[in-house]
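Read the structure below first, then the notes.
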Amino acid sequence: MPTPTGRDAPANTKAATARQPPCTEFRKASSPKSPQQLFSPHPHFRFRGGAACPSGRGGRSEREAGSGSGTSGTGNSLLPLRPGLTGGVSARFVFSESEGSALEQFEGGPCAVIAPVQAFLLKKLLFSSEKSSWRDCPEEERKELLCHTLCDILESAGCDNSGSYCLVSWLRGKTTEETASLSGSPAQSSCQVEHSSALAVEELGFERFHALIQKRSFRSLAELRDAVLDQYSMWGNKFGVLLFLYSVLLTKGIENIKNEIEDSSEPLIDPVYGHGSQSLINLLLTGHAVSNVWDGDRECSGMKLLGIHEQAAVGFLTLMEALRYCKVGSYLKSPKFPIWIVGSETHLTVFFAKDMALVAPEAPSEQARRVFQTYDPEDNGFIPDSLLEDVMKALDLVSDPEYINLMKNKLDPEGLGIILLGPFLQEFFPDQGSSGPESFTVYHYNGLKQSNYNEKVMYVEGTAVVMGFEDPLLQTDDTPIKRCLQTKWPYIELLWTTDRSPSLN
């Protein structure tokens with residue numbers, strides 16, 4: 001059975017093109033023994049010797065009952081990691097100088113976190129704002145956008161925890177003292193302290209780092225939003241991405257994460273290649289750390305495999321589906337908003353549009369296809385005829401025994417004992433194609449400066465044309481981004497305003 005992300009990690013760069021992208025792959029680690037090892041050493045964050053994840057009792061029991069109170073990093077470390085930290089862990093949320101609302105990534109940083117944040121930021125900007133010029137984004141608006149986006153993701157992660165939210169930040173009082181003693185300078189302002197202490201921590205390693213951070217718990221979204229906004233300078237300084245990721249993990253709860261991951265011994269970040277796992281991406285996109293991208297749960301050899309249970313706000317497409325390594329379900333492929341995380345062999349980017357007609361309500365034929373495929377976990381394109389009654393009941397079709405037998409004979413005239421998807425849809429949902437516009441404006445975001453046209457992080461604009469059939473005269477190119485998008489729109493053609501197609505890597 002094809003896995004949604006591919007378990008065989010690439011051993012080298014050449015093999016990577018036929019394997020799951022490092023940003024979305026999950027592979028087995030070297031037998032982690034505890035919740036701490038949900039994070040394993042990670043080149044993108046430059047972990048070199050330990051687990052970067054909450055420890056202790058885990059889950060809800062770790063949280064404080066009170067609202068807005070803080071706990072220090074003294075005693076048992078809040079998020080203990082082994083020593084050996086180098087500079088790349090200090091990734092931060094920084095906006096591009098060339099595109100006001102686009103986050104910039106440095107050195108091939110943690111796209112498994114930055115890309116989802118960028119996608120939700122665009123959702124807020126495009127569909128919750130009344131401004132006419134969405135690309136004109138001044139500083140104060142960027143601040144509100146980023147903080148509200150981080151809160152939205154934390155809210156989604158906290159859906160299993162009765163509205164308890166966690167925020168990991170610098171321990172202000174102690175940070176001031178530590179920074180002053182380390183640098184030999186007097187105490188500084190809050191913003192200066194946080195920035196300089198991050199610089200000091202980068203040199204000191206994880207032990208001192210965790211002595212300088214705290215966990216704060218909140219019972220209401222209003223308090224959480226105030227706290228996130230108050231810490232705006234922290235998100236834009238060193239370790240901002242890591243501190244936000246810690247906040248998401250603690251808000252979700254370690255035990256909840258372990259219960260949702262297909263194999264609890266698998267780290268969220270791969271110890272060998274540094275790939276952010278599909279579980280981590282799903283956690284940020286949907287609030288659930290499941291390991292698969294199909295719709296609903298599936299049974300395989302007596303084992304229950306968890307998938308996506310409802311339509312996501314932001315979608316996910318992957319080049320691995322074009323390579324036949326997996327199949328993304330409709331809950332991720334057809335999200336509530338026309339924004340998709342796009343996975344390549346090595347990176348995560350964002351493809352989006354402003355036309356809400358692209359995510360129109362699911363057509364009856366699309367619903368029928370989705371339901372049929374839940375009874376076809378191997379994606380064979382057919383089901384045993386014994387399951388026809390279950391499929392028809394799930395679709396609220398006539399399911400009397402006599403009618404079922406009549407349909408079996410009609411759909412399987414040769415008596416092979418199988419029902420094919422195509423004839424089933426044609427019988428019950430004829431002439432119902434996918435809904436949506438035939439032509440629309442699209443945009444692509446890649447946070448890496450070196451992967452952008454003229455090495456400026458900017459949205460690349462283009463026009464997409466979707467037809468119901470393949471026309472060789474209209475074929476534009478055969479690029480990775482087009483192959484990836486064809487997993488949703490099989491006959492899509494793209495015309496970009498730049499001289500070259502945008503890069504997925």
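Treat the numbers as computed from the prediction; the structure is a model and nothing was measured.
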- Message: Evaluate Cys166 against Arg216 for side chain to side chain contact (heavy atoms under 4.5 Å, CB included), listing each step before the verdict.
- Response: CA-CA 6 Å; Cys166 288; Arg216 301 167 63 198; over 6 Å; no
- Here the pair of heavy atoms bringing Ser98 nearest to Val457 is CB-O, 4.0 Å
- Query: Does the distance from a Lys or Arg side-chain N to an Asp or Glu carboxylate O, for Lys304 and Glu299, drop under 4.0 Å?
  - Reply: no
- Query: Should the pair Arg298 and Trp294 be classed as cation-pi, given the thresholds of under 6.0 Å to the six-membered ring centre and 45° from the axis?
  - Reply: yes
- Side-chain donor or acceptor of Gln311 paired with backbone N/O of Ser334 under 3.5 Å: yes
- Thr441 versus Asp355: any side-chain heavy-atom pair under 4.5 Å? no
- Message: For Val442 and Trp496: C-alpha separation, side-chain torsions, deciding distance, then whether side chain to side chain contact (heavy atoms under 4.5 Å, CB included) applies.
- Response: CA-CA 9 Å; Val442 297; Trp496 301 99; 4.0 Å; yes
- For the side chain of Lys333 and the backbone of Leu317, is there at least one donor-acceptor N/O pair under 3.5 Å apart? no
- Query: With under 30° as parallel and over 60° as perpendicular, where do the rings of Phe127 and Phe337 fit, or are they tilted in between?
  - Reply: tilted
- Item | Electrostatic pair Glu144-Lys124, nearest N-O below 4.0 angstrom | no
- Heavy-atom pair with the smallest gap, counting every atom of Asn292 and Asn282: O-ND2, 3.1 Å
- Task: Using a 4.5 Å cut-off on heavy atoms from C-beta on, say whether the side chain of Cys147 contacts that of Arg225.
- Result: no
- Query: Do NZ/NE/NH1/NH2 and the carboxylate oxygens of Glu99 and Lys456 come within less than 4.0 Å?
  - Reply: no
- To the nearest 0.5 Å, how far apart are CG in Leu167 and CZ in Phe244? 9.5 Å
- Taking the side chain from Asn446 and the backbone from Ser503, do they hold a donor-acceptor pair closer than 3.5 Å? yes
- Task: For Leu121 and Ser101, work out which heavy atoms get closest and say how close.
- Result: CD2-O, 3.5 Å
